[in-house]
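Here, residue 1 is the first one in the sequence, and each next residue gets the next number.
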Amino acid sequence: MKSCFVVIVSILALAGACLETSGQQRPVQPDMGTELVRSLEAQKAEIESLRQDLKKESDLRRQQGILIQSLMQKLDALGSVAVPVPSPAASGVAEQSNVPTSPATDTDAAAAAVNATAKEQSKESKTVEAGFGKIKFGGLLQGWYAAGDRGFSNTFRLRRAEMKFTGELMPKVKWTIMIDAAKALSLRTTTATVDGIPVIRTVGVNQSSRILQDAFITLSYIKRANLSIGQFKIPLSREGLQSSSDLDTIERALFLTDRARGGGLGDARDLGVMVFGSLNKQIEYQAGIFNGVGENHNDVDQNDRKAFVGRVVFRPSFIKGLQLGASGAIGNGTRTANPRRDRLGAELVYDRDRLRIKGELMTGADGDVHRRGYYAHFGYRIFPKVEAIFRYDVFDPDIRREATAATVTERDYIGGVNYYIKDNNLKLQINYVRKTFATSLVPYRNLFIINLQTAW
């Protein structure tokens with residue numbers, strides 16, 4: 001029995017050793033049910049994390065929508081065009097994305113996007129759509145108050161309401177149209193005496209009352225010889241060609257404005273063709289053929305003869321700010337039915353720093369009547385935006401006669417101040433004018449004028 005017991009113990013020991021050796025070579029397999037539970041718990045945690053990320057992204061998009069709506073309300077208050085705001089679901093980003101975004105970064109990006117869109121729309125709102133080519137709109141508005149003595153009625157007046165459209169069909173083909181809505185059409189009549197009774201002899205449109213001012217096309221195919229065709233100012237007198245918004249005094253010189261007594265020796269428009277350009281840095285020229293010298297603009301010509309008008313300007317390089325010029329016209333017509341109209345003038349301008357000195361002389365012959373006008377102008381900027389001016393202005397409608405109010409020489413003394421609120425775009429002018437005459441046929445007069453203008 002004892003030997004049997006020993007044998008049994010030995011067998012058991014040997015079996016235990018085998019089991020121990022087998023345990024070292026083959027790891028014990030874990031429980032499959034436990035592993036599955038752990039995997040399910042990990043997936044559940046991951047799903048919960050994704051759910052939290054999606055909730056954060058949804059909240060972020062709601063915040064962005066509120067911010068964009070607030071920005072759009074501010075833009076609407078400023079007059080901007082509304083921009084459609086996309087909903088979070090339609091924003092183009094999948095709701096199931098598991099990559100969280102930074103709230104601050106997305107908010108700034110949304111604001112920047114809205115601002116960029118507003119700027120683009122603002123730029124577009126400043127443009128005018130054309131059927132073909134490009135269009136630019138400009139204008140001038142002048143309101144006057146005038147007061148005077150010797151029967152002059154103090155009054156407010158809308159002096160100019162110009163609207164100017166310029167366009168570019170191609171880089172070398174441009175056009176211009178300008179109207180003055182402040183003008184009121186009026187008639188001009190002449191009378192004759194029949195059996196001691198004055199009767200109306202002719203009736204025509206007063207040219208200065210026409211609303212259409214400029215209408216022409218400009219071709220620039222030749223570098224130093226641009227060509228304009230249509231109706232525009234004839235190249236006569238510097239101040240006559242000067243823009244109304246850029247005048248140093250409220251009104252132009254007498255030989256340009258006293259049309260009732262034969263003025264209009266410049267600042268006149270007519271139909272024709274003109275070549276102009278720069279020969280070099282010092283010399284500019286204008287030369288054209290017109291129906292007349294401004295007596296019948298915006299109308300067909302009444303005869304076959306044409307007027308030749310030209311102007312040349314010289315700016316010497318050795319005197320900075322100096323400009324010298326001359327202009328003239330050889331008119332059409334005869335000395336009987338259609339009086340010939342000739343013009344000849346000279347000009348000088350010195351504009352340097354705060355000082356501006358300029359003057360012009362213009363002569364004219366309308367048939368047998370010879371006219372002459374001239375002025376001397378002095379201006380000085382006492383402050384950057386304030387200029388004091390003085391002008392001596394003379395016009396003689398008939399240098400051979402001083403017998404009537406229609407032929408007497410007028411001399412004006414003008415003093416004033418120009419306040420350039422925003423250059424010529426917003427300017428206030430105040431002028432005092434002392435009008436005197438060569439004989440006692442016409443008494444002296446005093447005139448006080450205020451001009452407020454805006455140009456764009």
Side-chain angles (χ1 to χ4, degrees), residues 159-160 162 164 176-180 182-190 202-216 228-244 247 251-276 286-311 325-335 337-345 347 360-367 369-373 395 397-398:
R159 178 62 178 88
R160 293 181 178 91
E162 297 176 351
K164 184 176 182 180
T176 299
I177 294 177
M178 195 265 280
I179 62 175
D180 187 353
K183 291 183 177 294
L185 190 64
S186 61
L187 299 177
R188 181 176 56 191
T189 62
T190 61
T202 61
V203 178
V205 175
N206 185 351
Q207 297 300 312
S208 62
S209 70
R210 291 188 181 272
I211 294 175
L212 179 63
Q213 302 291 288
D214 296 327
F216 61 91
S228 289
I229 305 171
Q231 176 175 296
F232 44 89
K233 282 189 177 183
I234 61 176
L236 198 64
S237 165
R238 179 188 185 275
E239 193 163 272
L241 292 172
Q242 197 172 2
S243 170
S244 299
L247 296 176
E251 194 56 282
R252 290 182 170 88
L254 285 170
F255 70 80
L256 300 168
T257 59
D258 195 358
R259 299 179 186 273
R261 300 198 308 154
L265 308 181
D267 188 30
R269 291 174 168 87
D270 216 318
L271 289 160
V273 56
M274 181 177 72
V275 179
F276 64 97
Q286 298 165 284
I289 303 175
F290 301 87
N291 283 344
V293 290
E295 63 270 20
N296 286 300
H297 74 275
N298 194 19
D299 198 358
V300 296
D301 204 353
Q302 304 300 317
N303 54 73
D304 293 332
R305 299 180 180 88
K306 299 295 175 280
F308 299 87
V309 188
R311 176 172 177 259
S327 58
I330 300 175
N332 55 13
T334 63
R335 293 183 178 274
N338 185 27
R340 179 169 173 171
R341 302 174 188 275
D342 296 335
R343 308 285 186 259
L344 183 62
E347 61 191 61
E360 285 193 71
L361 168 67
M362 182 63 68
T363 62
D366 296 339
V369 179
H370 294 262
R371 315 181 194 279
R372 180 173 59 225
F395 178 56
D398 189 343

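Qualifying side chain to side chain contact (heavy atoms under 4.5 Å, CB included) partners for Thr363, counting only residues two or more places apart in sequence or in other chains: Leu344, Arg372. In this structure Lys164 satisfies the side chain to side chain contact (heavy atoms under 4.5 Å, CB included) test together with Thr166, Thr176, Met178, sequence neighbours excluded.
Across Phe216 and Asp214, no two heavy atoms sit closer than the pair CE2-CB, 4.0 Å. The shortest heavy-atom contact between Ala329 and Val293 is CB-CG1, 3.9 Å. Heavy atoms only, all atoms of each residue included: Ala268 and Gly294 are closest at CB-CA, 3.9 Å. Residue Glu347 comes nearest to Ala326 through the heavy atom pair CG-N, 4.3 Å, listed as atom of the first residue, atom of the second, then distance.
One finds the CD1 atom of Ile330 at 11.0 Å from the CD1 atom of Ile289 (value rounded to the nearest 0.5 Å). Between atom NZ of residue Lys183 and atom CG of residue Leu212 there is a gap of 11.5 Å, rounded to the nearest 0.5 Å. Note that the OG1 atom of Thr257 and the CG atom of Leu265 stand 10.5 Å from one another [nearest 0.5 Å]. To the nearest 0.5 angstrom, Arg210 atom CZ is 13.0 Å from Arg269 atom CZ. Atom CZ in Arg371 sits 7.0 Å away from atom CG in Asp398 (nearest 0.5 Å). The distance from the CZ atom of Phe255 to the CZ atom of Arg343 is 11.0 Å, given to the nearest 0.5 Å.
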**Working for side chain to side chain contact (heavy atoms under 4.5 Å, CB included), residues Met274 and Phe290** = CA-CA 8 Å; Met274 181 177 72; Phe290 301 87; 4.2 Å; yes
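A salt bridge is absent between Arg160 and Asp180; no separation between the charged side-chain nitrogens and carboxylate oxygens falls under 4.0 Å. Using a cutoff of 4.0 Å between basic side-chain nitrogens and carboxylate oxygens, Asp267 and Arg259 are scored as salt-bridged.
Asp366 places no side-chain N or O within 3.5 Å of a backbone atom of Arg341 that could act as its donor or acceptor partner. Side chain of Arg252 to main chain of Glu239: a donor-acceptor pair is present (N/O by atom type, distance under 3.5 Å, no hydrogens or angles).
Two residues are said to be in side-chain contact when any heavy atoms from C-beta on lie closer than 4.5 Å; Arg261 and Phe395 meet this criterion. Considering only heavy atoms from C-beta on, Leu236 comes within 4.5 Å of Met362 through its side chain. Glu251 places a side-chain heavy atom less than 4.5 Å from the side chain of Arg159.
A donor atom on one side chain and an acceptor atom on the other are found under 3.5 Å apart for Ser237 and Glu360.
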